[in-house]
Every structure is written in structure tokens, then in C-alpha cells.
Amino acid sequence: MHVLVLGGTTEARELAGALHPVPGLRVTSSLAGRVAAPRLPVGEVRIGGFGGADGMARWIRDNAVDAVIDATHPFAETISFNAAGAAATAHVPLLALRRPGWVAGPGDDWREAGSLAQAARAVAGAGRVFLTTGRTGLAAFASVDDAFFLVRSVDAPEPPFPPHMEVLLDRGPFTLEGERDVLARHRIDVLVTKDSGAAATAPKLAAAREAGLPVIVVRRPPVPAGVPAVPTAAAAAAWVQSLAPGAVSG
Ligand SMILES: NC(=O)c1ccc[n+]([C@@H]2O[C@H](COP(=O)([O-])OP(=O)(O)OC[C@H]3O[C@@H](n4cnc5c(N)ncnc54)[C@H](OP(=O)(O)O)[C@@H]3O)[C@@H](O)[C@H]2O)c1
């Protein structure tokens with residue numbers, strides 16, 4: 001049985017690690033190739049786009065894929081919709097692996113934004129903004145010229161980006177101590193984040209709470225209609241087992 005894991009997340013690497021040693025199972029992880037030096041999962045890896053939903057359907061057929069798990073980032077919307085189309089065209093089962101979103105607790109001052117564009121409107125004139133939504137969404141903030149942005153990203157961003165900006169090249173996991181230091185050192189007034197739900201990037205939320213800072217939380221896009229979803233790599237591995245109980249013994 002050949003399983004295609006659409007990856008680029010911690011959970012996708014966990015899933016590849018769980019499935020890799022299973023006898024009778026071939027696992028291929030797919031990465032977009034967006035990051036210069038990606039963290040690689042164990043086992044077979046392919047890198048680069050498929051060429052839309054049709055290209056992915058072709059890849060599924062050409063490589064005799066039996067099942068697809070979309071373990072991409074909750075905000076990687078296009079690839080998730082492509083996966084839904086490709087799985088339907090190629091007649092293979094598809095599962096979405098989506099970690100749960102963050103939940104506000106006592107002392108949090110969170111304001112929800114429906115999109116990056118709405119988050120950009122919310123921070124106009126808001127002072128010094130810590131922007132942790134990734135370099136690919138920076139264009140949404142490019143016209144905000146009355147705020148300063150501290151932009152944290154793995155690789156250096158390319159234009160368009162906001163006129164008043166400093167870039168902090170870094171990649172999680174982050175610590176509470178480190179996040180406190182960033183907020184204080186850069187005299188941050190407001191934090192902007194996607195609701196990624198990742199443990200590795202959650203300490204910024206605790207640091208903002210401690211500092212009494214507001215947080216603009218960008219809401220997730222929905223999982224494509226009709227695609228079942230599970231919250232953990234273990235649950236996704238169990239789903240694979242349910243498809244091929246004979247092949248998957250461990
Ligand atoms: N969006 C985020 O905030 C974020 C954060 C952390 C990690 N990531 C990871 O980074 C990757 C790119 O994110 P994105 O938001 O740019 O995606 P996206 O907008 O949903 O996808 C854009 C295009 O990139 C290609 N692609 C995306 N993920 C791929 C994968 N796993 N394997 C092969 N091709 C892929 C596809 O190209 P074709 O149409 O040519 O197939 C897709 O149409 C994702 O895999 C995601 O898991 C994203």
C-alpha cells in the first residue's frame with residue numbers, strides 16, 4: 001500500500017515517522033519546496049508542486065498511490081483544495097490531519113480577523129506590530145504605512161511588504177523567555193498571528209498575555225467539504241491501519 005502524505009508540518013513528519021517502519025507500507029512525503037532548508041521527514045520525499053489538482057491526480061495514478069493524507073499547514077488552502085479534487089478524480093481516499101486551533105484563556109486579549117486583509121486593517125496606526133503570519137502573506141500588509149512591523153520568518157521576505165519593517169529571521173520552536181525578550185526589546189504594541197495551533201509557536205501568546213498586549217488572531221480557512229479530519233498523527237496512522245489492516249501490523 002502506498003500512502004502520499006502532503007507535508008510541511010510537524011504533524012506530517014510525525015506521521016511519516018509512525019508509518020515508515022510499518023511492513024507492507026510505502027510512504028512518500030511531499031513538500032512544496034518553499035523553505036530553502038526544510039526539515040525533512042524520514043523515508044521517501046518528493047519536493048515541488050504537482051501542477052494543480054490535475055497534476056496531483058496524475059502523480060497519484062503514475063505512482064500507484066492508494067491513499068492521501070493532507071497534513072499540510074491549516075492555512076495552506078490551495079493544496080488542500082487540490083488534494084480534495086485530485087483524490088476524487090483518482091478515486092483514492094483522502095484524510096485531513098489538522099491540529100486543533102488555539103483557545104483563548106483568562107487574561108488573553110484576542111481579536112479575531114477573518115483574513116490577513118482584515119488583520120492589516122486592524123493594525124493600521126496601531127504602533128509597533130509583531131507580525132508572525134509568514135513571509136508569503138506579507139503583501140496583505142504592504143499598504144499599511146502608519147505602523148511599524150517586526151516580521152518574523154524562516155527565509156527573507158520579498159516585496160511587496162510594508163514600508164516600515166524589520167525582519168527577524170528565525171524558526172521555531174520558540175520559548176516563553178525568548179518571546180518575552182522579543183516583545184520587550186522591540187517595544188511591541190500588538191501581535192498578529194494565524195491560528196496555526198502549533199505548540200512550537202504558542203509561547204508568543206503567553207508572552208503577549210503576560211505583557212497585557214492585544215493579539216489579532218487570523219481565523220483558519222475551512223477543511224474542504226466532505227473531507228474527514230483528525231487532530232493528531234496517531235489518529236491519522238490509525239486511519240491508514242483501518243484501510244489496510246493486513247498490511248499494517250504495527
Ligand atoms: N501557509 C502557511 O502559513 C504555512 C506555514 C507553515 C508551513 N506551511 C507549509 O508550506 C507549504 C506551502 O504553503 P502555502 O500556504 O504556500 O500552500 P498553498 O498556498 O496551499 O499551495 C500553493 C501551491 O504550492 C504547492 N504545494 C503546497 N504544499 C505542497 C506540498 N506539501 N507538496 C507539494 N506541493 C505543494 C502546490 O502547487 P501545485 O499546484 O503546483 O501542486 C500548491 O498549489 C505547505 O506544504 C504547508 O504545509 C505553510
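Side chains included, hydrogens not; waters and symmetry mates left out as well; all remaining heavy atoms used. When a ligand or atom number is given, it counts from 1 through the structure's own listing order.
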Hey, does [X] come in under 3.5 Å of ligand 1, counting only N/O atoms on both sides?
X: T133; value: no
X: L6; value: no
X: R46; value: no
X: R34; value: yes
X: T72; value: no

Tell me whether ligand 1 is touched by T136 - counting only heavy atoms on the residue side and a distance under 4.0 Å. no
Is there a heavy atom in G137 that sits closer than 4.0 Å to ligand 1? no
Residue and atom name of the nearest protein heavy atom (relative to [atom]), distance in Å to one decimal:
atom: atom 9 (C) of ligand 1; result: G8 O, 3.9 Å
atom: atom 40 (O) of ligand 1; result: G51 N, 2.9 Å
atom: atom 11 (C) of ligand 1; result: A32 CB, 3.7 Å
atom: atom 41 (O) of ligand 1; result: F50 N, 2.6 Å
atom: atom 43 (O) of ligand 1; result: N82 ND2, 3.3 Å
atom: atom 36 (C) of ligand 1; result: I79 CD1, 3.8 Å
atom: atom 37 (O) of ligand 1; result: G49 CA, 3.7 Å
atom: atom 45 (O) of ligand 1; result: G7 O, 2.9 Å

Identify the two heavy atoms, one from [X] and one from [Y], that lie closest to each other, and give their separation to 0.1 Å.
X: L176; Y: A207; result: CD1-N, 3.6 Å
X: A12; Y: G8; result: CB-N, 4.2 Å
X: S196; Y: T201; result: OG-OG1, 3.6 Å

Taking only heavy atoms of G52, which atoms of ligand 1 are found under 4.0 Å from at least one of them? 38 (P), 39 (O), 40 (O), 41 (O)
From atom 26 (N) of ligand 1, is the closest protein heavy-atom distance below 4.0 Å? yes
Given L6, V240, V27, V230, the one that forms side-chain contact (heavy atoms from CB on, under 4.5 Å) with I69: V240
Ignoring hydrogens, just give me the one of K194, H73, E77, R135 whose non-hydrogen atom is nearest atom 5 (C) of ligand 1. H73
Given A76, S30, A12, A86, which one has a non-hydrogen atom that is nearest to atom 32 (N) of ligand 1?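 That would be S30.
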Please report the C-alpha distance between E179 and R152 in whole Å, then the side-chain angles of each, then the deciding distance to 0.1 Å, and finally whether the salt bridge (charged side-chain N to carboxylate O under 4.0 Å, His left out) criterion is met. CA-CA 12 Å; E179 299 296 53; R152 183 162 66 193; 2.8 Å; yes
Answer yes if the side chains of R46 and T28 hold a donor-acceptor pair under 3.5 Å, and no otherwise. no
For a side-chain hydrogen bond (donor to acceptor under 3.5 Å, both in side chains) with R98, tell me which candidate from T9, D70, T232 qualifies.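 So the option named by the test is D70.
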Taking the side chain as everything from C-beta on, heavy atoms only, tell me whether F141 gets closer than 4.5 Å to F161. no
Does V218 reach the side chain of F75, with side-chain heavy atoms less than 4.5 Å apart? yes
Donor-acceptor pair, H186 side chain versus F130 backbone, under 3.5 Å? no
Are D108 and R209 ion-paired here, with the side-chain N under 4.0 Å from a carboxylate O?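 Judged by the 4.0 Å cut-off on N to carboxylate O distance, D108 and R209 do form a salt bridge.
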